[in-house]
Number of protein chains: 2
Amino acid sequence: MNLKLATEIGKCLSNQTRVQIMEWLKDPEKNFRQHESLRNFDDGVCVTHIKDKSGLSQSTISTYLTNMQKCGLLILTRHGKWSYLKRNEKLIKEYTDFLK
Amino acid sequence: MNLKLATEIGKCLSNQTRVQIMEWLKDPEKNFRQHESLRNFDDGVCVTHIKDKSGLSQSTISTYLTNMQKCGLLILTRHGKWSYLKRNEKLIKEYTDFLK
DNA sequence: TCTATATATCTAGAAATTTAAATATATTTG
DNA sequence: CAAATATATTTAAATTTCTAGATATATAGA
């Protein structure tokens with residue numbers, strides 16, 4: 001972890017919806033229904049479900065999630081036409097260790 | 001910790017100078033010289049020293065530090081005409097626990 | 001009380017972020 | 001291949017943040 005990356009992570013975490021998404025993804029089973037194409041949450045939650053739950057537009061959520069993925073907070077896995085996102089616990093730990 | 005406070009903290013940590021200040025304050029002895037009026041760093045570092053080290057204007061640094069204090073990241077102690085700031089490790093832990 | 005120093009607040013222009021509509025791209029399915 | 005669906009990118013207007021100069025306030029010391 002370095003100053004620049006920590007600042008990029010901070011920017012992602014400076015918006016209530018984005019912090020909320022990080023919280024929702026802590027417990028996908030509780031916060032999201034099963035996706036039609038996958039029977040588990042091993043690769044996280046489908047982008048469409050995050051969009052629906054947030055109430056924001058598709059383009060806004062796509063921008064948010066792309067940035068959160070770029071700085072490493074989220075890990076993206078594609079299955080066909082769907083994208084699934086999960087928390088990157090390793091990076092989150094590096095970040096919180098850096099702050100402490 | 002709640003979503004709103006976590007977002008305010010995130011805003012403070014979304015700027016490189018402010019993250020840098022949090023890092024500097026981890027080790028005042030290493031990063032700052034002794035202040036003329038106090039012989040230890042028990043109450044942290046004098047605002048003027050933080051301003052000097054950052055290179056930003058007095059008003060900008062004052063605004064930064066006031067906000068960081070308002071959301072609880074920093075603890076302010078006044079001694080006469082000087083203000084000293086130190087990290088609020090308790091809140092920082094609450095925040096990092098919230099993220100994890 | 002007058003002056004100097006430390007910090008906070010007000011103000012405003014510059015820069016960055018927010019947000020969604022429009023459009024583009026990728027994938028699946030008929 | 002055409003149509004439908006999922007997601008990404010472009011664009012632009014609205015809002016927020018950044019930053020410092022000017023000014024205000026507080027404290028110390030002469």
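Each chain gets a letter, A, B and so on, in the order its sequence line appears, and its residues count up from 1.
Protein atom CG of A:Leu85 is 11 Å distant from nucleotide atom C1' of D:dT7, rounded to whole Å. If you measure from atom CH2 of B:Trp82 to atom P of C:dA8, you get 15 Å, rounded to the nearest angstrom. Rounding to whole angstrom units, CD1 of residue B:Ile61 and P of D:dC18 are separated by 12 Å. Distance B:Gln16 CD to C:dA15 P: 19 Å, rounded to the nearest Å. One atom, OH of B:Tyr64, and another, C1' of C:dT7, lie 17 Å apart when rounded to the nearest Å. Look at CG on B:Leu56: it is 14 Å from C1' on D:dG21, rounded to the nearest Å. Separating the CG atom of B:Leu76 from the P atom of C:dA8 is a distance of 7 Å, rounded to the nearest angstrom. Here the P atom of nucleotide C:dT18 and the CD1 atom of A:Ile21 are 12 Å apart, to the nearest Å.
Nearest to the side chain of B:Lys81, among D:dT7, C:dT7, D:dT27, sits D:dT27.
Among the heavy atoms of the strands, none lies under 4.0 Å from B:Lys51. At the heavy-atom level, A:Ser59 lies under 4.0 Å from base atoms of the strands shown. Across all strands, A:Ser62 comes closer than 4.0 Å to base atoms (heavy-atom distances).
Dashed line: the shortest gap from a side-chain N or O of A:Lys11 to OP1 or OP2 of C:dT17 is under 4.0 Å. Side-chain N/O atoms of A:Asn67 include none lying less than 4.0 angstrom from OP1 or OP2 on C:dT17. Taking only side-chain nitrogens and oxygens, A:Asn15 never comes nearer than 4.0 Å to OP1 or OP2 of D:dT16.
Taking CG of B:Leu91 as the start and CD1 of B:Ile75 as the end, the distance is 9.0 Å to the nearest 0.5 Å. Distance CD/A:Gln69 to OG1/A:Thr66: 6.5 Å, rounded to 0.5 Å.
Looking at A:Gln58, its side chain comes within 3.5 Å of the base of D:dA8 through a donor and an acceptor atom.
Taking for each of A:Arg78 and A:Gly55 the nucleotide of DNA chain C with the nearest heavy atom, the 5'-most of the two is the partner of A:Gly55. Mapping A:Thr60 and A:His79 onto DNA chain C by nearest heavy atom places A:Thr60 at the nucleotide closer to the 5' end.
In summary, the aromatic rings of A:His35 and A:Phe41 are positioned with their centroids too far apart to meet the 6.0 Å limit.
A salt bridge links A:Lys90 with A:Glu94; the closest basic N to acidic carboxylate O contact falls under 4.0 Å.
Here the side chain of A:Thr96 pairs a donor or acceptor atom with the backbone of A:Ile92 at under 3.5 angstrom.
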